[in-house]
There are 2 protein chains.
Amino acid sequence: MLTNTEENYIKAIYHLSVDNKTVRTNAISEVMNTTPASVSDMLKKLSDKSYIYYEKYQGVSLTKKGKTEALQVVRKHRLWEVFLVEKLNFNWDEVHEIAEQLEHIQSKLLIERLDDFLDNPTSDPHGDPIPNAKGEMPVLRQVLLSELEVNGKAKVMGMKEHSPAFLQYLDKLGISIGSAVKVTDRVVFDASVELKVNDKKTMVVSHEVAKNILVSPID
Amino acid sequence: MLTNTEENYIKAIYHLSVDNKTVRTNAISEVMNTTPASVSDMLKKLSDKSYIYYEKYQGVSLTKKGKTEALQVVRKHRLWEVFLVEKLNFNWDEVHEIAEQLEHIQSKLLIERLDDFLDNPTSDPHGDPIPNAKGEMPVLRQVLLSELEVNGKAKVMGMKEHSPAFLQYLDKLGISIGSAVKVTDRVVFDASVELKVNDKKTMVVSHEVAKNILVSPID
DNA sequence: AAAGTAATTTAGAGGGATCTAAACTTAGGG
DNA sequence: CCCTAAGTTTAGATCCCTCTAAATTACTTT
Ligand SMILES: [Mn+2]
Ligand SMILES: [Mn+2]
Ligand SMILES: [Mn+2]
Ligand SMILES: [Mn+2]
């Protein structure tokens, strides 16, 4: 049985594991808001318990066992976020903090009942895919809005950034999951993206914003 | 901000505070499954933080502040139990352990939204009253089934004991909240109660069982 | 009222999670 | 190729919660 803290570390390592690079101590300390010293302690513990592969000074990666645990926590987090938005009428920028707490509730049965109650959703309010009970997750072929070619059309599928500030900004722009977007121009100077949303509103978003919006191109 | 453990101690003290007697260290250690030594430590801490009145060797009682906290935890516990039974189709004997975890989720907004989602219930699946957001709780005039006179009629309002074993036994007997009961006889030897449930089934329950069923007499 | 017993508190310790400061390792620039 | 800066680990400490064992206090019983 993992403690809440251990679950959080494993989840952080999971989220930091892009491509097959090893995850570094400092990167973990940053997302966990702890010191590298604390991370080192925890890595030793998680390694002893076989949740991670760990070689001193070389960074870590999740074992099969660790990845399974991580995916269960991610599953719970995202299902609770769906619950909060769909059933309790929270806005998508308000749910992450509460889900950070709810994701640690221990009850297999609870999460399966919740999944059914929500009609087995496949993605959360931010467009992130929800692993199934076995920890399988559909790999979605998505591209960043910042990478879409001029005149390219696409459907908004999700957001990489989940901060309330970012999500509220999208609300203001009228961009949400499912929105149809068309890139009408790209500013050479700063890579800002000019786009049309739902065939109506035309707007310009910074490269930074465009980099955090995941879209699925329509050919 | 209280830790989960502090919340649990305060809740335990609340539940042990019947009539105006002071709550004793050993009683707390028993319901918390800890040693009296651990309780003493915690009492000192809670007293320093003004959640309880504490005089060494004399037992404790909750301050206004402590009672307010306790009632909020109780409110959350019972609302989550309603959620689990009403929305996720749990049986009433399965919800307590999960609610023990959920009651510590910190979010005022969440609990108010949950309350609305559940249509502001006034009692939980075991018949226990749910404090409102201000911590007010209706005082229900209830009596134990064991105290009902022979030929007395009553409606089952709640259970004092919440263990799965007890609740499952009631399921088997066909006794649930709202059941109409009539005491047809009382065995002098061991105070067992003979009763008729919903004008149909006649059965005998032990004094011990009857002592744990709360009823509201019908005149 | 003193003794004996039960309840309670204190002392001392350990595990979990965190920190700061110091020591160590790695890797890149001169 | 070695030296230094950045990254990482270790050492030593604190806070929280828990324990066992010992000491203290309160209550009961004679
Ligand atoms: Mn989230
Ligand atoms: Mn999300
Ligand atoms: Mn309960
Ligand atoms: Mn209950």
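Every chain is numbered from 1 and lettered A, B, ... according to where its sequence line falls, protein lines coming before strand lines.
The nearest whole Å value for the distance from the CE atom in A:Met42 to the P atom in D:dT8 is 17 Å. Following rounding to the nearest Å, B:Lys44 (NZ) and D:dC16 (C1') show an atom-to-atom distance of 14 Å. For B:Lys21 and C:dA7, the NZ to P distance is 15 Å, given to the nearest whole Å. If you take CG of B:Asn33 and P of D:dT18, they are 11 Å apart, rounded to a whole angstrom. Atom CD of B:Glu55 and atom P of C:dT8 are 14 Å apart (whole Å). Spacing between atom CE of A:Met1 and atom P of C:dG16 amounts to 15 Å, rounded to whole angstrom units. Protein atom NZ of B:Lys49 is 11 Å distant from nucleotide atom C1' of D:dC15, rounded to whole Å. Atoms CG (B:Leu43) and C1' (C:dA7) sit 13 Å apart, rounded to a whole Å.
OP1 and OP2 of C:dG16 both lie 4.0 Å or more from every side-chain N or O belonging to A:Tyr9. For A:Asn26 and D:dT8, the shortest distance from a side-chain N or O to OP1 or OP2 is below 4.0 Å. For the OP1/OP2 pair of D:dT8 and a distance below 4.0 Å, the side-chain nitrogens and oxygens of A:Arg24 include at least one atom meeting the criterion.
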Quiz: residues 140-149 of chain A side-chain donor-acceptor pairs under 3.5 angstrom, not counting sequence neighbours:
none

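Salt bridge B:Glu81/B:Arg78: absent, no basic N to carboxylate O contact under 4.0 Å. The pair B:Lys11-B:Glu100 counts as a salt bridge, with a side-chain nitrogen and a carboxylate oxygen less than 4.0 angstrom apart. In this structure, B:Glu103 does not pair ionically with B:Arg75, as no charged nitrogen and carboxylate oxygen lie closer than 4.0 Å.
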Every protein N/O within reach of nucleotides 20-29 of chain C N/O, cut-off under 3.5 Å:
from: C:dC24; atom 1: O2; to: A:Tyr57; atom 2: OH; distance (Å): 3.4

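For A:Asp41, counting side-chain heavy atoms from C-beta on, the closest listed nucleotide (D:dT8, C:dT18, D:dT9) is C:dT18.
Using cut-offs of 30° and 60° on the angle between ring planes, the pair A:His96 and A:His77 is tilted. Ring orientation note: the planes of B:Phe83 and A:Phe117 are nearly perpendicular, at an angle over 60° on the 30°/60° scale.
When heavy atoms are screened at a 4.0 angstrom cut-off, A:Ser40 is found touching base atoms of the nucleic acid.
In terms of the side chain to side chain donor-acceptor pair (under 3.5 Å) criterion, residue partners of B:Lys49 (sequence neighbours excluded) are, by chain and number, B:Glu6.
For A:Val39 and B:Thr5, each mapped to the nucleotide of DNA chain D holding its nearest heavy atom, the one lying further toward the 5' end belongs to A:Val39.
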